[in-house]
Amino acid sequence: MAYWLVKSEPNTWSYDQHAKAGSQEWDGVRNYQARNHMRNMKVGDRVFFYHSIKEQSVVGICEVSAEVHPDSTDDTGTWECVDLITIRPFTTPVTLKQIKAEPALAEMVLVKNSRLSVQPVAAKEWKKICKLGDTDPG
DNA sequence: GCCAACGTTGGC
DNA sequence: GCCAACGTTGGC
């Protein structure tokens, strides 16, 4: 099983909104690197949900509920997306500040390339962040 | 609100 | 195919 991280501005689409929506397309991604990561996602992979801009913290865990398929909001046929379903919110959201302060997380894509909206997460990083958030990693 | 970093576009 | 210009993102 692989681990990932997706980003969203909570003003545009928040973890709570996604929780209410159930299994839901992760649409609107218009970046080739991000799309390529989504192409590699498998059903059951775990995904961190990160709130950018205002909150700047990892707020919850999702699971891939459908493999990559055409993005219904794109009529050019260029862009694809997966479906995600929320699993559990973090007991304590883990802030970007905490992540940057943690040497074991210095190599995270979130730190190195803050603009990439869909990114891989190493198993070690996954465990570490779950621990920081006092949340079950499974 | 500013600005740095990154990705994309388009002229040559 | 290169590179300058532009737009967008997101941390500060």
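Quantities reported herein were computed from a predicted structural model and do not represent experimental measurements. In what follows, chains are A, B, ... by sequence order, proteins preceding strands, each numbered from 1.
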Check for a donor-acceptor pair, side chain of A/Ser117 on one end and backbone N or O of A/Lys7 on the other, with a separation under 3.5 Å.
no
Holding to ring pair (Phe, Tyr, Trp, His ring centres under 6.0 Å), I want the full list of residues that pass it with A/Trp79, two or more places apart in sequence or in another chain.
A/Tyr32
Touch check for A/Gln33, heavy atoms < 4.0 angstrom, all strands: base, sugar-phosphate only, or nothing?
sugar-phosphate
Residue set satisfying ring pair (Phe, Tyr, Trp, His ring centres under 6.0 Å) with A/Tyr50, at least two apart, ordered chain then number -> none
Please identify the 5'-most and 3'-most nucleotides of DNA chain B with any atom under 4.0 angstrom from a heavy atom of chain A.
B/dA5 to B/dT8
Applying side-chain contact (heavy atoms from CB on, under 4.5 Å), run through A/Cys62 and A/Tyr15 and close with a yes or a no.
CA-CA 9 Å; A/Cys62 298; A/Tyr15 186 83; 3.9 Å; yes
Is the gap between the ring centers of A/Trp13 and A/Phe49 under 6.0 Å?
no
Select base, sugar-phosphate, or nothing to describe what A/Lys97 touches, counting heavy atoms under 4.0 Å on all strands.
nothing
Sugar-phosphate only, base, or nothing, as touched by A/Leu96 at under 4.0 Å among non-hydrogen atoms:
sugar-phosphate
